[in-house]
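Below is one structure, written out as structure tokens, with a few remarks after it.
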Amino acid sequence: MQLNTENIQRSHRMPISGVLCTTCENVECLMKKNIASSVVSEFSYKKTDLNCKKGQQFIMEGAPVNGLFFILKGKVKVFRTGINGREQIVRFAKEGEIIGHRGFGTEEYYSISAIALENTTLCYFSKNLLQEALKKDATFTYDLMLFYADELNRSEAKVKSISQMTVRERVIDTLLYVSRKFGQVNGYIDLQLSRKEYADYAGTTEEQVIRILSVLKKENLIIAKGKRIGIPDVQLFKREISEHNFYLDT
């Protein structure tokens with residue numbers, strides 16, 4: 001399958017007055033952190049702003065790698081095809097985060113897919129332009145290297161922890177992860193996911209997630225209303241998996 005960025009551009013392109021990296025408020029964004037560099041600043045004007053509607057897929061697993069996406073606004077689900085074609089959610093992403101980096105540099109094809117969970121605005125940088133900027137700016141290159149090192153550490157910690165967790169603990173960890181990343185608004189996690197999506201991240205079945213959420217609700221560890229789930233006492237909830245040192249990615 002081919003990633004058709006041009007089609008996304010034509011149908012969902014931002015207006016010329018779209019947000020520039022110099023005025024962007026995503027302070028944790030790699031581009032924003034390095035915007036003082038003349039090389040990065042000049043390069044930033046060559047980005048393409050893309051609007052993706054909720055449910056729109058903008059990276060397809062197996063498509064040729066042709067660039068990186070930075071989330072300007074919105075929420076994204078990153079997943080890959082697992083055993084028997086089952087969807088395996090790798091992570092969720094929010095403003096300021098990079099999508100598609102695992103295929104950048106050494107891979108010819110994306111190893112993941114990505115879908116917008118809500119109306120999302122992306123900053124797209126082509127592979128060739130980004131490589132040119134990295135060759136010219138050592139600090140920018142070093143920061144990207146640190147980002148990759150941090151991503152590797154988080155991935156290894158996640159694999160180690162999950163392998164030692166029960167299904168209940170994996171579901172609890174998933175809820176804590178989503179809560180840490182997106183926060184809670186009016187008592188509920190600021191991201192509505194289906195029971196299947198929770199299962200696809202936790203590495204279990206939808207039926208098990210439904211059962212465990214029901215038990216957690218009866219134990220007053222969570223509140224739930226439709227797709228909305230809240231954690232009244234996060235510190236108390238953390239104790240449920242405290243023996244695993246509560247170290248997973250944000």
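- In this structure, Val171 is not a member of the same hydrophobic cluster as Ile223, with clusters built from ILVMFWY side-chain heavy atoms closer than 4.5 Å.
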Does the side-chain contact (heavy atoms from CB on, under 4.5 Å) test come out yes or no for Phe92 and Leu117, once each step is laid out? CA-CA 9 Å; Phe92 297 99; Leu117 292 173; 3.8 Å; yes
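- The shortest side-chain heavy-atom distance between Lys47 and Cys21 falls under the 4.5 Å cut-off.
- Looking at Thr141, its side chain does come within 3.5 Å of a backbone N or O of Asp137 through a donor-acceptor pair.
- The hydrophobic clustering, which links ILVMFWY residues whose side-chain heavy atoms are closer than 4.5 Å, places Val215 and Val167 apart.
- Taking CD1 from Ile231 and CG from Leu176, the interatomic distance works out to 5.0 Å, rounded to the nearest 0.5 Å.
- Minimum interatomic distance between Leu72 and Glu95 (heavy atoms only, all atoms of both residues): O-CG, 3.3 Å.
- Using a cut-off of 4.0 Å between Lys/Arg side-chain N and Asp/Glu carboxylate O, Glu219 and Arg168 are scored as salt-bridged.
- Of all the heavy atoms in Ile222 and Pro232, the pair that sits closest is CA-CD, 3.8 Å.
- The two residues Leu191 and Tyr198 have their closest heavy-atom pair at O-OH, 4.4 Å.
- When all heavy atoms are compared, the tightest approach of Thr120 to Val76 is CG2-CG2, 4.2 Å.
- Residues meeting the ring pair (Phe, Tyr, Trp, His ring centres under 6.0 Å) test with Phe125, sequence neighbours left out: Phe43, Phe70.
- In this structure, Met145 belongs to a hydrophobic cluster whose other members, linked by side-chain heavy atoms under 4.5 Å apart, are Tyr142, Leu146.
- The structure places CD of Gln56 at 9.5 Å from CG of Asn119, a figure rounded to the nearest 0.5 Å.
- Through ILVMFWY side-chain contacts below 4.5 Å, Ile210 is grouped with nothing and stands alone.
- Across all their heavy atoms, Ala133 and Val39 have their closest contact at O-CG1, 3.9 Å.
- Taking the side chain as every heavy atom from C-beta outward, Tyr45 and Thr22 approach each other to under 4.5 Å.
- Between Arg195 and Glu207 there is no salt bridge, since no side-chain N of the basic residue sits under 4.0 Å from a carboxylate O of the acidic one.
- Among residues at least two apart or in separate chains, side-chain hydrogen bond (donor to acceptor under 3.5 Å, both in side chains) pairs with a member in residues 73-82 are Glu61-Thr81, Lys75-Glu118, Lys77-Glu87, Lys77-Glu197.
- The NZ atom of Lys127 sits 8.5 Å away from atom CG of Asn66, with the distance rounded to the nearest 0.5 Å.
- For the pair Ile59 and Ile112, the tightest heavy-atom approach, listed with the atom from each and the gap, is CG2-O, 3.4 Å.
- Within 6.0 Å of the CD atom in Glu25, the count of heavy atoms belonging to other residues, nucleotides or ligands does not exceed 12.
- Judged as a salt bridge (Lys or Arg N to Asp or Glu O under 4.0 Å), the pairs with a partner in residues 26-42 (not counting sequence neighbours) are, in order, Glu28-Lys33.
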Where do Ser44 and Ile35 land on the side-chain contact (heavy atoms from CB on, under 4.5 Å) test, with the steps shown first? CA-CA 8 Å; Ser44 70; Ile35 201 62; 3.7 Å; yes
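- Contact of the Ile89 side chain with the Val78 side chain is not registered, since no non-hydrogen atoms from C-beta on lie closer than 4.5 Å.
- Ring-centre distance between Tyr201 and Tyr177: below the 6.0 Å cut-off.
- In this structure the side chain of Asp49 reaches within 4.5 angstrom of the side chain of Cys123, judged on heavy atoms.
- Ser194 contributes atom OG, which lies 7.5 Å from atom CG of Asp200 (distance to the nearest 0.5 angstrom).
- Cluster membership check: Val185 does not share its hydrophobic cluster with Val178, using side-chain heavy-atom separations under 4.5 Å among Ile, Leu, Val, Met, Phe, Trp and Tyr.
- Taken to the nearest 0.5 Å, the NZ atom of Lys94 stands 10.0 Å off from the CD1 atom of Ile71.
- When the shell of 6.0 Å around NZ of Lys217 is examined, it contains 12 or fewer heavy atoms from other residues, nucleotides or ligands.
- Counting heavy atoms from C-beta outward, Leu175 and Ile229 have side chains that approach closer than 4.5 Å.
- Grouping the Ile, Leu, Val, Met, Phe, Trp and Tyr side chains by contacts below 4.5 angstrom, directly or via other members, places Tyr148 with Met31.
- Remark: Phe147 engages His101 in a ring pair (Phe, Tyr, Trp, His ring centres under 6.0 Å) (not counting sequence neighbours).
- Taking CZ from Phe79 and CD from Gln88, the interatomic distance works out to 11.5 Å, rounded to the nearest 0.5 Å.
- Side-chain N/O atoms of Asp143 and Asn34 include a donor and acceptor closer than 3.5 Å.
- Hydrophobic clustering, with ILVMFWY side chains joined whenever heavy atoms are under 4.5 angstrom apart, keeps Leu193 apart from Tyr188.
- When atom types are taken as modelled, the side chain of Glu169 and the backbone of Thr166 share a donor-acceptor pair closer than 3.5 angstrom.
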